[in-house]
Each structure stands twice: as structure tokens, then as C-alpha cells.
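Only heavy atoms go into these numbers, but all of them, side chains included; no hydrogens, no water, no symmetry mates. Protein chains get the first letters and strands the later ones, always in sequence-line order, with residue 1 at the start of each.
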Amino acid sequence: MSERRFWSKAFLMFGGLLIWAAHFMFVYSANAVACARGFTHITVLGVGLVPFSVILATLLALLATGYLLYTALSWSGPLRGEANDDPASAFLRQITIVLTLIAMIAIVWNALPASIVTPCT
Amino acid sequence: MQPFRKIALSLTSAAASLLLGACNWTQSALAPRGSHAEAIDQLTWILFIGGMLIFLLVVAFLTIASLLRRSLKGWMANYNFIIGFGILLPVATLTAILTFSSVVLNTIHSAQPKMRIEVTGEQFWWRVHYLDESGTIKLATANEIRIPVGTPVEFILKTQDVIHSFWVPNFAGKLDMIPGRVTKLTFSATTPGIYRGQCAEYCGAQHALMAFYIVATTSREFEGWFAQQVGNPPEPTTPFLARGQQLFLSFGCGSCHTVRGTLADGRFGPDLTRVGTRLSIGAGTFPVNIGTLAAWTSSAQHLKPGNAMPSFGNLQGEQLRAIAAYMESLK
Amino acid sequence: MTVVYGRDGDRTTKRSNVRFPNTVPRPQGEIERLRVPWAPPRGWRIFSAVNNTYVGLTYIGTALIIFVLAGVLAVIMRTQLAVPENTLVGHSLYNQLFTMHGTMMMFLFAVPIMEAFGVLLLPNILGTRELPFPRLSAYSLWVYAFGGLAFFSTLFFGVAPDGGWFMYTPLTDARFSPGIKSDMWLLGIGFIEIAAIAGAIEIMVGFAKNRAPGMTLDKIPIFAWALLIFALMIVFAFPALILATILLEIERAFGWPFFMAEKGGDPLLWQHLFWFFGHPEVYIIFIPAAGMVSMILPVMAQTRLVGHRLIVLALIAMGIISFGLWVHHMFATGLPPLSLGFFSAASMSVAIASGIQVFAWIATIASGRLRFTTPALFIVAFIAVFTMGGLTGVMLASVPFDLQAHDTYFVVAHFHYVLVGGMVLPLLAAVYYWFPTVSRKPLSERVGKWVFWLFFIGLNVAFFPMHITGLMGMPRRVYTYLEVMQWDLLNVVSTIGAYVMATAIALLIFDIVRTFRFSFENNAGNIWNAGTLEWMRTYNYGTRSIPEVDSRYPLWTQPQLSNEADEGRYYLPGTLTGQREALVTSPIDARPIYVMQVPGPHWGPFLAATATTAFFYLLTLKLILPAFASGIVAIAFILWWLWDLDHGPVREPAHVGGDYVLPVYMSGPVNHSWWGTVSLLLVAGSFVICLVFSYFFLWLVNPAWPPVGVTLPSLAWPGVAAVLYAASSGAVLLASRGLSAQIQRGPWPMRLLLMLASVLFLAAVSVQALAEGQTGLRPTMHSYGAMVYMFVALQYFFAGVLVIMAGFTLARSLAGKLDPVRRVTFDNTMLLWHYATAQGIVVLFILTLFPRALG
């Protein structure tokens with residue numbers, strides 16, 4: 001496997017989890033700022049500002065991770081292996097697939113409390 | 001959920017009595033007597049039973065894997081086993097747990113209070129103010145709280161110095177008291193009784209001895225108690241008690257403590273107006289009687305070293321007894 | 001080439017037509033020439049040794065001593081708590097005991113011992129001779145050893161800290177903790193921060209660059225993966241702790257109000273910073289232990305690990321997700337309920353990663369025949385105990401339950417189950433397992449069974465009742481409890497358990513002392529029939545030649561590997577330069593790229609460590625001038641040991657084996673010290689990101705930002721500062737060109753430009769400082785001022801570092817040790833420079849534009 005592709009492959013491997021981390025930071029900060037600055041009474045499309053932001057962020061995150069998963073499954077883009085029996089490529093691809101799935105589960109779990117728990121005290 | 005709650009509660013009592021025999025249930029999360037504690041107790045049972053089952057599953061698998069023949073355990077030695085039990089099982093159970101926890105979390109944040117009590121944590125005691133709707137103090141006391149059963153009470157929590165934490169396990173989970181912030185906890189008691197709370201955030205030298213009693217009574221008993229507490233205490237009825245009062249004032253106790261109706265109006269230490277009615281002295285450390293009151297006054301630093309009350313070692317014999325008797329008479 | 005499918009479906013390639021990289025017999029004298037540079041220093045000079053085996057063993061020994069000392073503190077605490085209202089230990093000493101027990105275990109034992117195992121074993125596991133920066137490991141070891149033991153000694157002088165191992169403010173600020181006890185903690189863990197980061201850099205670079213040829217990513221043993229993730233987590237988590245400790249120390253010493261509510265600070269800022277470090281910390285501790293289990297278990301079951309890929313990804317998932325859990329230590333602080341819900345969700349996510357590993361281990365046992373040796377017993381017990389701890393962890397992840405259990409003995413039970421069960425049990429397995437690699441005789445299996453059963457039973461007897469004790473109302477960190485609470489039975493049972501554990505450890509120490517006889521040339525050998533490279537025959541120089549591997553278990557698929565390596569059939573069977581060397585390979589394919597010259601013994605690390613320890617302690621004792629003198633001496637010793645390095649290409653490229661004719665020096669991004677510097681920049685970047693977070697956090701808790709009465713400097717000031725920063729970087733860029741053109745233009749353009757760059761940088765920071773100062777802003781008035789000046793202080797710190805590095809680079813240039821080819825020193829300086837100016841400019845943007853955007 002080409003070393004030049006090393007960084008793109010390595011980042012794709014935990015790309016799903018990085019998307020989770022970004023999603024998480026966004027929803028947490030959004031709620032913290034909304035509660036501290038009193039924005040929570042604002043509604044968008046009939047839904048409170050905070051749950052709305054969480055839903056939006058979740059959809060975006062799932063799209064992004066979904067794309068990643070598609071890339072890994074179809075073995076396209078940077079994950080295209082040079083040779084079929086390159087064990088390091090296969091290794092990275094399999095890890096990318098499962099890690100991305102775990103990231104998607106974690107993203108959905110993150111969104112779950114937003115539909116049940118009141119945003120602020 | 002009501003029938004399940006009842007089952008959970010009786011399971012708790014049964015298991016606890018069986019395992020723990022004679023125990024003090026007045027400061028226990030396993031003896032839920034308040035709205036929050038009951039909801040949490042239900043959740044706890046679900047978590048505990050679920051966890052127990054998973055633990056037994058793991059131990060069973062370990063046993064099979066280590067001891068049995070290959071033909072009996074071969075089905076475990078592959079990826080599907082790991083994915084099934086290591087990913088699918090946790091995802092299913094945790095989704096359920098997360099949902100249920102979120103529901104309970106939401107429930108305990110949605111009570112509407114009918115009464116307000118402000119509690120301020122200090123090193124190492126509790127300042128208690130009963131407030132009316134506008135926030136004025138109706139009653140100032142310390143180290144003891146009484147509430148009527150069935151009424152949602154909002155506890156407004158503050159601190160004078162470092163971080164403390166207000167915790168009455170029989171009623172609710174804990175909530176920290178943080179400098180620069182005001183935190184609020186609203187719950188109601190469901191069963192009358194005498195309960196105990198303790199500071200649950202390490203706050204320095206005597207964190208271990210910073211506790212308080214909280215008594216849940218019927219509404220009528222509560223009204224009666226409250227009415228008695230807000231007025232001024234009775235004047236000393238005997239010369240000995242009068243001497244005690246006079247010594248109390250002349251030795252400067254009034255510069256830190258308040259006794260309404262006298263010249264003692266200090267706010268640094270606990271309000272002593274009705275100290276004779278309390279269940280404890282030293283913030284949950286000793287019962288209240290003439291002996292303990294005398295000991296506390298003369299050797300507070302020996303009994304609870306590092307707390308803010310100095311030892312009045314210069315008080316001896318008859319003077320000390322008189323002051324102690326006076327305080328005990330403040331009912 | 002034939003393709004063989006392994007049992008778990010992965011593919012390995014096996015060379016059916018074996019052709020070795022080098023021919024035998026090897027030339028006369030080659031092996032003697034290899035022995036000479038690798039020989040250890042004799043007699044008392046052993047303290048100048050830097051070889052990973054010596055450093056690693058000393059590191060492990062120190063950590064085990066600290067473990068025992070911290071354990072003794074626990075036994076004293078348990079004795080005090082055995083009966084209610086006990087007077088064995090007063091409140092003052094008890095509060096110091098629990099603080100010291102926690103601090104020592106978490107900082108001075110758990111993380112260092114994993115680093116120590118990494119130092120000792122990672123090179124051998126990866127099939128290389130040495131770690132990339134041996135003098136750095138030696139420095140890290142001695143800083144840790146001196147600092148750690150000096151820290152413990154504070155107990156005997158009455159100045160041991162007593163704020164708890166997480167030292168919440170405001171209890172630990174100058175008002176509520178006067179005196180130097182809290183400072184002892186703050187400055188005391190400063191050196192462990194250094195040691196941890198130094199070790200992390202080594203491990204990361206070693207993992208990437210120093211592997212045996214053929215050890216592609218899919219063949220790297222799990223412990224190496226675990227150490228890589230451990231190291232990456234340290235790089236991103238420790239800076240938060242470093243920042244928190246610096247902020248608190250500055251608040252205590254100078255009154256800058258970061259955490260004082262009455263001046264715009266917030267005690268919760270400490271908690272956020274501490275736990276952002278503190279939660280990953282516990283996974284930093286657990287992940288290497290899990291890695292050890294994945295190495296030991298397959299050997300005990302005599303089968304390959306089932307689910308190797310799943311375990312690797314579980315470790316990665318655990319590493320990343322664990323950074324999103326920290327607020328679960330703050331569920332009771334009154335934060336918004338939905339925020340708590342997010343952290344609850346994330347805390348449950350990490351359980352998937354644990355679940356994968358547990359069932360992978362069970363699958364592995366099922367796939368083989370487990371031999372119940374002492375290590376195997378510890379591992380089986382670990383799986384059960386850790387599962388129990390993980391399940392109570394899931395309970396605690398549920399917010400409402402946590403609100404009851406937080407800060408009670410339930411939590412004490414939980415974390416001891418996951419730490420003692422999840423880390424100490426694998427560690428004990430590891431001690432028994434790897435003992436034969438460094439000792440003539442293995443530890444006794446008979447005594448081992450006694451140690452195991454006593455420890456396992458003791459651990460459960462001590463900690464299981466605590467689950468109940470906590471729910472029955474007993475809070476943490478209490479020096480006594482009232483008789484009326486009736487917690488006595490539960491407590492005395494826990495105390496008995498503690499004594500049983502102590503007996504087990506005493507028995508273990510006895511066995512180690514009577515059995516351990518240091519040797520690796522005549523060690524007990526591969527008594528377990530393991531398959532990984534650390535079980536090859538090794539010498540002072542590692543293996544005679546660097547093996548080429550083609551599977552995850554080379555000793556199983558290539559049984560003659562040790563003999564073949566001894567004969568010199570593999571890579572680098574001798575020394576090319578007459579000094580210590582190691583092979584550098586590519587990160588993914590593990591193809592040989594160049595030969596790195598490895599530093600040998602030197603007194604610099606040992607002496608620098610002594611001076612560094614002195615610096616921290618003198619500073620804590622407020623002896624400022626002696627402290628700074630020690631600091632300067634420490635830096636001098638470090639520069640002395642560095643002066644010896646960066647040899648440049650001392651010879652032309654040479655044949656190392658196969659078709660590879662490799663250079664002995666490479667500069668630029670391929671060079672290992674470039675990677676080391678980049679790792680350091682990741683640490684710095686994490687640090688400044690935490691500082692930026694703190695700035696935004698304090699904005700959020702303050703109604704007005706900046707506070708009323710503060711005027712912002714006019715835009716000209718930051719504009720000028722930004723230009724000066726950019727110019728400074730520009731000068732360095734030109735200096736780099738000047739260095740490349742040195743042959744034509746001479747060395748002075750580079751030298752002058754470097755000096756100019758230093759002046760420009762200092763000017764930039766000073767303009768920044770002046771800009772704020774002339775508005776009347778002071779750091780002690782309000783947290784806004786404190787934050788602004790903290791950023792300035794950070795830039796001054798970088799200025800100091802850059803000036804020292806520029807000076808060092810200039811000195812090398814003047815001494816003729818810097819030229820267009822031999823330029824690693826310059827390149828590292830340049831990397832740091834660009835980072836520092838970029839940081840300066842970004843910070844200027846934030847400080848200038850954010851308050852204006854608000855108003």
C-alpha cells in the first residue's frame with residue numbers, strides 16, 4: 001500500500017468517531033449556550049431550538065458517517081487497495097467499517113435524550 | 001408504573017432486611033421515602049437485575065470456555081459470537097437503559113414546588129432559611145429541616161465557602177452547592193419519619209461530621225411546628241436559667257449566634273433560637289441534652305477539631321451547666 | 001509465495017521459498033563490533049545507562065515500590081475505618097492519607113507502570129533494538145523516580161496535600177488551603193506530567209518507525225496497539241491537567257481569579273479541565289492492561305487470538321469515545337439535564353468497546369485449551385471482576401442512579417473493581433508472564449497460586465460490601481463515621497479484605513526478592529511457548545539481527561527465528577557506524593528506510609532529572625532563586641546530552657540485508673525526531689485548545705465580557721503583533737533557505753535570520769502584553785484579565801523555548817555541526833517556530849474579535 005495514502009486511510013479509519021466527536025461537541029455546546037443565555041424559549045418549526053439543533057446535527061452526522069460507510073464497503077476512494085491480497089488494506093477497511101457503525105450508534109444515542117429530557121433546569 | 005413501583009419498594013425492603021439485618025435505614029437510598037428516591041429505586045432494580053444477569057452470563061461463558069471440551073464450546077470461538085454478544089446485546093440493552101434513564105431524569109426535573117427552603121452549606125454546618133414566595137426569610141434555623149409529607153419542596157442550595165453537597169438518600173439524589181451558583185432541588189416526602197442527610201462533597205477537615213436531620217410530618221404537625229418555631233422562645237422560668245441566659249450573653253455567644261427575643265443577634269454561626277427542639281448538635285454529630293450542650297460549648301475543638309466554633313474552655317462547672325441548661329430550655 | 005488463511009479469517013503470506021536477507025557465515029569480528037557500543041556502563045556508572053532494558057526495569061521497580069507504599073496508606077485508612085468513631089488516625093492525617101493514596105496510585109503508579117512495561121517490552125515486541133529517544137526515557141525515569149519518592153516523603157514532613165486526588169477548588173485555593181500542601185500536589189505532579197508525555201512521544205514514534213520488516217499494520221501485536229492508543233490519549237488528555245494545575249498554582253500564588261466566583265471565575269472550570277483529563281486517564285490506565293491480556297491469553301490457551309481486528313478497533317473506539325465522558329463525574333453539579341443526558345449516552349457507548357473485548361477473550365479461550373497457570377488465573381479473574389466493575393459503571397452512567405451513588409462508597413467500589421480488577425490483575429499476570437524474559441528463573445507457580453487466591457478473595461471481600469455501604473448512606477472521604485449509623489459490619493468486612501490483599505502482595509514481594517536474578521542473555525526462556533517477538537533470544541543489543549516477520553505470531557510460524565537471527569541471517573547483523581543503531585521502517589508496510597543512530601549512555605538525563613526535581617520542589621518551598629538556578633542547570637544538562645546527537649551522515653549508505661542499501665541519516669519528515677517534535681506540537685496544541693475552551697467557558701458564566709470598566713486595546717496593537725509574528729516565521733523560512741544554500745552563501749545568512757526571528761517573536765509578544773497593559777487591564781481584577789494575560793504568558797513561555805532552541809541551533813552552526821544535509825536540529829526548531837507564531841496569530845484573532853463581536 002502506498003505510504004502517501006497512509007494519512008487518508010488512517011483518518012478514514014477513525015473518521016466516523018471524529019464525526020461523532022464533532023456532533024457531540026456541537027450538541028453539548030449548543031445546549032450549554034442556550035441554557036446559559038436563555039435561548040430555549042425560541043421555537044423552530046414548532047420544536048424548541050435545542051431539540052431542533054440536535055436533530056439537524058444528527059441528520060448531518062449520520063449522512064457523513066453513512067457516506068464513510070459506503071466508501072469503505074464499496075472499497076472506493078482512498079480505501080481502494082492496490083492489490084487484493086494486501087492484508088494491511090483489508091485490515092484497515094474492516095476496522096473502518098465496524099468503527100463507523102459504532103460511531104453511528106453513538107450518534108443516535110446522543111440524540112436520544114434530546115427527545116426526552118428537558119433542556120435546562 | 002405504579003404497581004411496578006410497589007413491587008420494587010417491597011423487593012428493596014425484603015432484600016435489605018434479609019441481607020443486612022439490623023441496620024440504620026434513616027440515611028439509605030435503599031429505603032426510598034420520597035418522590036425522587038422511589039423513581040430512582042425502580043430504575044436501580046432494573047439496572048441491578050439486568051447487570052446481574054449479564055454478569056452471570058459472562059461467568060457462565062467463561063466457565064464453559066475454560067473447562068469444557070472443544071466439541072461443546074466450538075460455537076463460541078468465532079466472530080459471530082463476539083459481534084452477537086459484544087455488540088448486538090449491549091446495543092439492545094443500553095438503548096433500553098438509556099431511554100428509561102432519560103425518562104426518569106426528565107421526571108425528577110419537572111416537579112412544581114409549593115414551598116421553598118434555602119439551605120446554605122458552610123464549613124461544617126447547614127444554614128436553613130424557610131422562604132416565602134417573594135424570597136423573604138420567614139424562619140431561620142440550622143442543621144435541621146422539617147417538611148410536610150406530600151408537598152413538593154424546593155430546596156434552594158447555596159454555599160458560603162467551598163463546594164458542599166446536599167444529600168438525603170431516603171428522599172432524593174444529591175445536588176452540589178457551588179460558589180457563585182444557586183442550584184435547586186424539588187422533591188416531596190412520601191412517608192413520615194426522621195431521616196438524616198449528610199454532606200456528600202469533600203469540604204475539608206470535618207466533612208465527615210457535617211450532617212443534618214430532616215423530619216417529614218403530616219401537614220398539620222408541620223403547621224404546628226412552624227408556628228412554634230417562628231415566634232420568640234419563652235423567657236427563662238427559673239433563676240438558674242436566667243443566669244444561664246445572662247452568661248450566654250456576657251460571654252459573647254451573641255456575637256456569633258442569634259436567639260430571637262434577646263440581644264444575641266450574631267449571624268456567623270447557627271441560629272440557636274430553638275436549639276432545644278433539635279435532634280442534634282454539631283451538625284448531626286451528637287444528640288441534644290444538657291451534657292452534650294455543655295461539652296460542645298466548652299470543647300468544640302476537641303470534639304470536632306477544625307470547625308468554626310472555638311472551645312470555651314474558660315467556662316467551668318456551674319457557669320457551664322447554667323448556659324447548657326438555658327440552651328436546652330430554648331424550645 | 002503461497003497464501004495461507006489463518007483461523008480467524010485473516011490472511012497471512014508465508015514464504016515457501018525462503019531466502020534470507022543476509023548470507024552466513026557472517027564476517028569475522030562483526031558480532032564483537034556490535035557488542036562494544038551496546039555494552040552497559042560498569043559499576044556505579046549504570047546510572048548513566050539509557051538502554052531500554054535497564055531503564056524499563058528500574059521504571060517498573062520504582063512503580064512497584066510506589067504501589068506498595070500507596071497500598072500501605074490504604075491499609076492504614078481501612079484500619080481507621082474498621083470501627084466507628086475510631087481515633088487511630090485524626091482527621092488531618094486521614095485527609096492526607098486518602099489524597100496521597102489516590103494521587104500516588106493514579107499518577108505515580110498506574111500510568112508510569114504501563115509506560116515502564118512499554119519501555120521494557122515494546123522494542124522487543126516490535127522486533128527492534130531500542131526506542132527512538134533513549135536518553136529521553138532515561139530522563140523520564142529519573143524525574144519520575146526522584147519526584148515520586150520525594151512526593152511520598154511529604155507525608156513525613158506534614159506537608160502532604162489533603163484536598164483529595166482531584167483537588168476541587170475553592171477548597172484547594174489559597175484561602176481555604178493556606179500553606180504549601182496543595183502546592184506540593186500541584187508542583188509535585190508537574191514532573192509526572194513531563195514523564196508521561198516523554199514516554200508517550202517515544203511510544204508513538206517507536207510504533208510508527210521502529211518495527212521489524214514485514215510487520216505490517218495487520219500484524220502488529222495488540223499490546224503495541226494498546227500502547228499507541230495509550231500514548232495518543234496521553235498527548236491529548238494530559239495537557240488539560242497541565243493547564244488546570246498551572247492555573248490553580250497561579251491563582252494560589254498570584255491571585256489571578258480563574259476559579260474564584262466572586263471575581264468572575266468558576267469552580268466548575270477546574271472540574272471541567274480536570275475531568276477532561278481525568279476520564280481519559282482511567283482508560284489510559286485500562287487500555288494497556290487490556291492489551292496485556294490480549295497478549296497473554298492466546299499463549300495460555302495455545303491458540304491465536306480470536307477477533308484480533310475487533311479488539312484493535314475496540315481499543316481505538318474506547319480511546320476516542322472516552323474523551324466524551326468527562327461530565328459524568330459532574331452529574332450532581334446542577335448542570336442542565338439535557339447536557340447530562342448527552343454524557344450519559346456517551347458513557348454507555350464506551351461499554352460496547354468493553355463488550356467486544358470481553359467476548360473476544362472468551363471466544364479465544366473457547367478456541368483453545370486453557371492451561372491454568374498463574375497468569376491464566378489472573379486473566380480469568382480479571383474478566384469476571386472487570387465485567388462486574390463495567391456493569392456498575394453502566395449503572396453510574398444512568399444519571400438518576402448516579403445522583404444517589406455519586407460521592408459514596410458505591411463509587412469507591414466501582415472504581416476499585418475496574419482499576420484493581422481491570423488493571424492490577426492483568427498487571428500481576430504480566431509480572432508472572434514476562435518475568436522469564438528478564439530473570440534467570442521464573443516466579444514460583446506454587447507461591448503464585450497462593451498470591452492469586454489471596455488477592456482475588458481479598459479484593460472481593462474488601463470492595464464488594466462497599467456497593468452496599470454506599471447506598472446505605474456512607475459518603476466518600478470520611479475519616480470516621482458515627483456508631484449510630486450502623487455501618488460497622490460492612491466496614492470491618494472491607495478492612496479484613498484489605499488485609500488479605502496486603503498479605504497477597506507481601507507474598508508476591510517475597511517471591512520476587514528470592515527469585516529475581518537479572519539476566520536477559522541467560523533468562524529462563526520461552527517457558528510458555530509464546531509466539532511473539534519479545535520471546536526471541538536477546539542480548540544487550542536486542543536480537544543479533546533484526547528479524548523479518550510474516551505473521552502475527554512469528555515464533556509459531558517461523559520456529560527457527562531465534563537461531564536464524566543469532567546467525568545474522570536477517571537485517572543489520574552488525575553495526576555500520578561503530579555506534580548503537582536501529583532500523584527505521586515505514587509506518588504501514590514496515591519496509592526498511594534508513595538506519596538511525598541510537599544515543600548511548602550519558603550522564604545528562606540523570607543529572608537533568610535531579611535538577612528538574614530540585615526546580616519543582618524549591619519552587620514549592622518558595623525558594624525562588626535556588627529554584628530558577630536549578631531550572632537553568634536542568635536545561636543546561638539537557639542541552640549537553642542533546643549536543644551529542646544529530647550526527648549527520650557519518651558514512652555513506654550501506655547494505656543492511658536483502659536489496660536494501662540504506663543511509664544512516666535522513667532529515668525532513670521521514671526523520672524520527674521530526675515525528676517526535678510533531679508529537680510535542682500536538683501536546684502544545686491540546687494545551688492551547690484547553691485554554692481557549694476555558695476562555696469561552698468563563699465568557700458563558702459571566703454576564704458581561706469583558707466586564708464593565710474594561711476597555712479593549714485599539715485594533716492597531718494586535719495588528720502590529722500579528723505582523724511581527726508573521727515576520728518572525730518568515731525570517732525562519734528564509735533562514736531555512738539560507739541553510740540549504742549554505743555552501744554558496746556561507747552560514748551567516750541563516751544565523752542572522754534566526755537571530756532576527758527571535759527578536760521579532762519577542763517583540764510580537766511584548767506588543768501583545770503592552771497592548772493589554774496600557775488599557776489598565778490587570779490579571780488579578782477579574783477572570784477576563786487573568787485569561788488574557790494567561791495567553792500572553794503562554795506566548796512568553798514559547799518565546800523562551802524558541803530563544804533557547806535558536807541559541808542551540810546557532811551554537812551547532814558555529815561549531816560546524818549544522819549544514820545543508822545535517823540539519824535535523826534546525827528543522828525541529830523551525831517546526832516549533834511556525835507552530836508558535838500560528839498559535840500567536842490565532843489567539844490574537846480570538847482575543848481581539850470575539851469580545852467585539854459580542855458588543
Under 4.5 Å from a heavy atom of chain B, the part of C:Tyr479 involved: both
Taking the side chain as everything from C-beta on, heavy atoms only, tell me whether C:Pro170 gets closer than 4.5 Å to B:Asp161. no
With only heavy atoms counted, which part of B:Ser28 is less than 4.5 Å from chain C, the side chain, the backbone, both or neither? both
What residue, out of B:Gly306, B:Gly284, B:Ala172, has the most heavy-atom pairs lying under 4.5 Å from chain C? B:Ala172
If one checks every heavy atom of B:Arg69 against chain C at 4.5 Å, the contacting part turns out to be neither
C:Leu310 side, atom CG; B:Ile83 side, atom CD1 - distance, nearest 0.5 Å: 5.5 Å
Does B:Lys174 reach the main-chain N or O of C:His406 with its side chain, forming a donor-acceptor pair under 3.5 Å? yes
C:Leu171 versus B:Gln123: any side-chain heavy-atom pair under 4.5 Å? yes
Return the minimal non-hydrogen interatomic distance between B:Thr183 and C:Thr333, and the atom names on each side. CG2-O, 3.8 Å
So which part of C:Phe386 gets closer than 4.5 Å to some heavy atom of chain B, the side chain, the backbone, both or neither? neither
Is it the backbone or the side chain of B:Glu201 that comes under 4.5 Å from a heavy atom of chain C, or both, or neither? both
By a 4.5 Å heavy-atom criterion (distance strictly below it), what part of B:Leu105 contacts chain C: side chain, backbone, both, or neither? both
So for atom CZ, which belongs to C:Phe176, do other residues, nucleotides or ligands contribute more than 12 heavy atoms lying within a distance under 6.0 Å? yes
Centre-to-centre under 6.0 Å for B:Phe81 and C:Phe359, is that the case here? yes
Audit row: C:Trp487, B:Asn24, side chain to side chain contact (heavy atoms under 4.5 Å, CB included) steps and yes/no: CA-CA 8 Å; C:Trp487 293 326; B:Asn24 183 334; over 6 Å; no
Nearest 0.5 angstrom please: B:Ile97 CD1 to C:Met395 CE, how far? 9.5 Å
Structural part of C:Gln271 lying under 4.5 Å from a heavy atom of chain B: side chain
Just wondering, do B:Phe61 and C:Ile365 contact through their side chains at under 4.5 Å, heavy atoms? no
Side chain from CB out, backbone as N, CA, C, O: work out which of these in C:Arg476 comes under 4.5 Å of a heavy atom of chain B, or both, or neither. backbone
Counting heavy-atom pairs closer than 4.5 Å to chain C, which one of B:His36, B:Met177, B:Arg196, B:Met52 comes out on top? B:Arg196
So CG of B:Leu94 and OG of C:Ser398: to nearest 0.5 Å the spacing works out to 11.0 Å
N-O pairing of B:Arg181 and C:Asp266 below 4.0 Å: yes
With sequence neighbours left out, the residues meeting side chain to side chain contact (heavy atoms under 4.5 Å, CB included) with C:Leu338 are A:Asn31, A:Val50, A:Pro113, A:Ala114, A:Val117, A:Pro119, C:Phe342
At a heavy-atom separation under 4.5 Å, does C:Ala301 approach chain B through its side chain, its backbone, both, or neither? neither
Any idea which heavy atoms bring B:Ile40 and C:Pro400 closest together, and the distance? CD1-O, 3.4 Å
Would you compute the distance between atom CD1 of C:Ile379 and atom CG of B:Leu62 and round it to the nearest 0.5 angstrom? 11.5 Å
C:Arg371, CZ atom: more than 12 neighbouring heavy atoms under 6.0 Å: yes
Counting heavy-atom pairs under 4.5 Å to chain B, which of C:Ala332, C:Gly334, C:Gly355 comes out on top? C:Ala332
Chain C contact via B:Leu185 - side chain, backbone, both or neither, heavy atoms under 4.5 Å: neither
Of the backbone (N, CA, C, O) and the side chain (C-beta and beyond), which part of B:Leu43 lies under 4.5 Å from a heavy atom of chain C, both, or neither? side chain
Side chain to side chain, C:Val399 and B:Ser101, heavy atoms closer than 4.5 Å: no
Could I get the full list of side chain to side chain donor-acceptor pair (under 3.5 Å) partners for B:Ser165, not counting sequence neighbours? B:Asp176
So, for B:Gly204 and C:Asn95, which heavy atoms are closest and what is the spacing to 0.1 Å? O-ND2, 3.8 Å
Name the member of C:Gln486, C:Met485, C:Gln404 that forms the most heavy-atom pairs with chain B at distances under 4.5 Å. C:Gln404
Give the intermediate values and the outcome of side chain to side chain contact (heavy atoms under 4.5 Å, CB included) for residues C:Phe372 and B:Leu67. CA-CA 10 Å; C:Phe372 284 97; B:Leu67 298 177; 3.9 Å; yes
Okay, B:Leu175 and chain C: the region with an atom under 4.5 Å from a heavy atom over there is both
With a 4.5 Å cut-off on heavy-atom pairs, point out which of C:Thr392, C:Val484, C:Ile356 contacts chain B the most. C:Ile356
Measure the CZ-OG1 distance between C:Phe401 and B:Thr44 for me, rounded to the nearest 0.5 Å. 5.0 Å
Interface residue of largest heavy-atom contact number with chain B, from C:Ser354, C:Ala353, C:Pro337, under 4.5 Å: C:Pro337
Taking every non-hydrogen pair under 4.5 Å, which of B:Gly180, B:Gly74, B:Ser102, B:Ala65 racks up the most with chain C? B:Ala65
Looking at side-chain heavy atoms only, is the closest gap between C:Met472 and B:Gln27 below 4.5 Å? no
Do you know which of C:Asp173, C:Leu403, C:Val380, C:Ile352 has the most heavy-atom pairs with chain B at a distance under 4.5 angstrom? C:Leu403
Segment of B:Ser66 engaging chain C (4.5 angstrom heavy-atom cut-off): both
Between C:Phe331 and chain B, with a heavy-atom cut-off of 4.5 Å, which part of the residue counts as in contact: side chain, backbone, both or neither? neither
Would you mind checking which part of B:Ala37 comes under 4.5 Å of any heavy atom in chain C, side chain (CB onward), backbone (N, CA, C, O), both or neither? both
Who among C:Pro475, C:Gly473, C:Ala366 has the most heavy-atom pairs with chain B under 4.5 Å? C:Ala366
I need the residue from B:Ile108, B:Ile163, B:Val59 with the largest number of non-hydrogen atom pairs under 4.5 Å to chain C. B:Ile163
Within the 3.5 Å criterion, strictly below it, is a donor on C:Asp407 or B:Tyr202 matched to an acceptor on the partner's side chain? no
Any non-hydrogen side-chain atom of C:Val306 less than 4.5 Å from a side-chain atom of B:Asn78? no
Given a strict heavy-atom distance threshold of 4.5 Å, which part of C:Leu482 is in contact with chain B: side chain, backbone, both, or neither? side chain
How long is the straight-line distance from OG of C:Ser344 back to CG of B:Leu98, given to the nearest 0.5 Å? 5.5 Å
Heavy-atom distances under 4.5 Å only: say whether B:Leu209 touches chain C with side chain, backbone, both or neither. side chain
